[in-house]
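Here is the naming used below: chain letters follow the sequence lines, and residue numbers restart at 1 for every chain.
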Number of protein chains: 2
Amino acid sequence: MSRRLKLTMDDVARAAGVSKQTVSAVINNKSGISEETRDRVRQVIARLDYQPNLLAGSLRAQRSFTIGVVIPSITNPFYPELVRGIEDQAQRDGYSVFLCNTDENQEKEVKYLHLLRRHRIAGLIAATIKVHPAWTEALRRLAAQGVPVIFVPGTYRPGEQVVCISVDDEEGFLTGTSHLLDLGHQRIAMICPPIEPGQQSPRLAGFLRAHFERGRKVLPELIVPGGWHVTDGQAATAQLMQLARTPTAIVAPNDMAAIGAITKLKELGHRVPEDVAVVGYDNIAIAEWYDPPLTTVEQPHYDMGKRAMQAVLERLAKPHEPAEMIKFATTLIVRRSSGGVRGKL
Amino acid sequence: MSRRLKLTMDDVARAAGVSKQTVSAVINNKSGISEETRDRVRQVIARLDYQPNLLAGSLRAQRSFTIGVVIPSITNPFYPELVRGIEDQAQRDGYSVFLCNTDENQEKEVKYLHLLRRHRIAGLIAATIKVHPAWTEALRRLAAQGVPVIFVPGTYRPGEQVVCISVDDEEGFLTGTSHLLDLGHQRIAMICPPIEPGQQSPRLAGFLRAHFERGRKVLPELIVPGGWHVTDGQAATAQLMQLARTPTAIVAPNDMAAIGAITKLKELGHRVPEDVAVVGYDNIAIAEWYDPPLTTVEQPHYDMGKRAMQAVLERLAKPHEPAEMIKFATTLIVRRSSGGVRGKL
DNA sequence: TTGTATGCGTTATCAC
DNA sequence: GTGATAACGCATACAA
């Protein structure tokens, strides 16, 4: 063994003929080092392939370069696309991403939050749908320690020092539903997302408002409970199609559920969009390639993720700014599943 | 401010009326502490909501609880499903996952590897498709420092101390292609994955062997270059359908490309599977819900991810075991896109 | 511009 | 069983 296993700053310093904190200064781009020395040190670093120990650095500097990211599902493509935005931005800034997938399991959520705190994350980006009571206290502690907390997409809750990045879901569902109304649909169903007791659903609100704004009645039997998954869309659709008077269009809480709706409709022998139109939400990648291509309301997932990471850095730089609410615009993407465009076949 | 901002082991020790390393012993479940003391310390920990600083612990103990995971794409659902397996297992063992998505960008790959080394990861799980030359040296260093490196799915390369977890792709494509041959197809096309110069593709090999084993000729014009994405499948299919004699079936390198093939076929007015059958590879979630549901060869992604994490722990426990090769079995999933089953509609 | 001393919050090696 | 002390690798406030 010609070389020691662990390479430290001392080794680099010795090899370059300088002292330890000169090396440190070079690495951290501090001023006060001559260009010549700087170059020499850099070369030695490259030659020895020295990688500074971030554990030690973070411990000493009392700051880490790690962002915790908590998502409820890694299987719903919406979240990977969001994570991609977070991660691209994080890499640009020299941060790493601790990914935590909770599978919508609240116990996991809490366990992960503890784990992230032990890792002394510099910031937390949470895409969790409902906020667990046990989180409230933990989030408060994070905030107290100067760790920015960003919810994306998340709903702003007054009194919490939390940045929220979201789109206006009510607006989004207003747009999607209006699109169907404008196409002349008389019986539009809505598959609802899971609604917490005592909470309101902006998505349902948008659906209702679209009707209201046009002086149209909402048919209560066409509003059915559902969920975020393909299977939820299937179950809800099965229920809808058993009605005496079936809907001519279905609004799903997200694209996954919309896909479920379509599979179930086809299975029951209905054509989409000729017999029943379907509109989704999110615009995940597969929406474009599905058959029929899915009319949906886009959330700019990548940009939202990117913005979330930027928000972390902003809060890190200015810890005492008040919490804010950042809204992105949604975009209606008209494809064939709503019958809004006529494609081939 | 009634309480200090940073809570350390000393604070806990003081509050519990014991010394620091007693607290440490309790946390790490070391022997030599009375049940009574143990309980008291635990209660104080819970009451103060103390979270040990893993940075400090890892620095001192010279071991971290972080696993680096490098994937080429977070958009191809195969990888999220793999990551889910890794992560579930990691959480069970108290490890965290540093996720790195390279978007098939080699520069990113190299940058991430450095970043992970700086974080002093305990293990590396790489799902990268082709191994960048610059990796070789970095991987050697990781191995030299006792950091297990697992490729999943990965090809074993002799001389490298790397655990590979994979399925037999050749076998998988043999199965998929044989399925089509058994259905009586005479003109089967293959969309090839990207093939590195000087490399062989096991997937293509399986396709060829299926023909060979049945004494069937392969038609060279039906073997077209492609890639892993929907758009690659579309481009290759467009090319195939311009031939004077078009194929009656298409084998895609993965499910994403298969979806691309199907969208293109439909766009060109061909029915799937009546005019052209399609077989994919991976069995990602959407394969089941696509229209037509996709006949494909399953890689057990979740189990492979889980196994990869287990392999990390095994190597950590026994660092000097020789490299090994762990193979999982593939499963042919027959759905409607191959015409192998007759569904409704 | 560069060298020296101290501490970040743990774990581990000692005596008690 | 428990209490002091050193050390992990780096950053920073100093003095030189």
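As a whole-Å value, the separation of A:Leu59 CG from C:dG9 P is 7 Å. The CG atom of B:Leu48 sits 16 Å away from the C1' atom of C:dG9 (whole-angstrom rounding). Rounded to whole Å, atom C1' of C:dT11 lies 14 Å from atom CD1 of B:Ile33. Atoms CZ (B:Arg14) and P (D:dG3) sit 13 Å apart, rounded to a whole Å. Here the C1' atom of nucleotide C:dG7 and the NZ atom of B:Lys6 are 15 Å apart, to the nearest Å.
By the 4.0 Å N-to-carboxylate-O rule, A:Arg40 lies too far from A:Glu35 to be salt-bridged with it. A salt bridge does not link B:Glu87 to A:Lys108: none of the charged side-chain nitrogens sits closer than 4.0 Å to a carboxylate oxygen.
Side-chain atoms of B:Ser64 come within 3.5 Å of backbone N or O of B:Arg120 as a donor-acceptor pair. Here the side chain of B:Asn28 pairs no donor or acceptor atom with the backbone of B:Lys30 at under 3.5 angstrom. No donor-acceptor pair closer than 3.5 Å links the side chain of B:Thr22 to the backbone N or O of B:Val18. Without hydrogens or angle criteria, A:Asp39 side chain to A:Glu36 main chain gives no donor-acceptor distance under 3.5 Å.
No side-chain donor-acceptor contact under 3.5 Å links B:Tyr112 and B:Asn101. Between the side chains of A:Thr128 and A:Glu109, at least one donor N or O sits under 3.5 Å from an acceptor N or O. Between the side chains of B:His119 and A:Ser96, at least one donor N or O sits under 3.5 Å from an acceptor N or O.
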Mark up nucleotides 10-16 of chain D, 5' to 3', with B wherever a protein heavy atom is under 4.0 angstrom from a base atom, S wherever such an atom reaches only the sugar-phosphate, and - elsewhere. BBB----

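The salt bridge (charged side-chain N to carboxylate O under 4.0 Å, His left out) test applied to A:Arg84 returns B:Asp103, not counting sequence neighbours. Annotation: side chain to side chain donor-acceptor pair (under 3.5 Å) contacts of B:Lys306 (sequence neighbours excluded): none.
Here the closest non-hydrogen pair linking A:Ala127 and A:Pro72 is O-CD, 3.3 Å.
Within the 4.5 Å cutoff, the side chain of B:Leu116 has heavy atoms near those of the B:Phe98 side chain.
Using a 4.0 Å heavy-atom distance criterion, B:Thr22 is classed as a sugar-phosphate-only contact.
A heavy atom lying under 4.0 Å from DNA chain C marks none of the residues of residues 112-119 of chain B. Annotation: proximity of residues 34-45 of chain B to DNA chain C (heavy atom, distance under 4.0 Å) is found for no residue.
Comparing the helix axis at one end of the helix from C:dT1-D:dA16 to C:dC16-D:dG1 with that at the other, each defined from 5 consecutive pairs, gives an inter-axis angle of 40° (nearest 10°).
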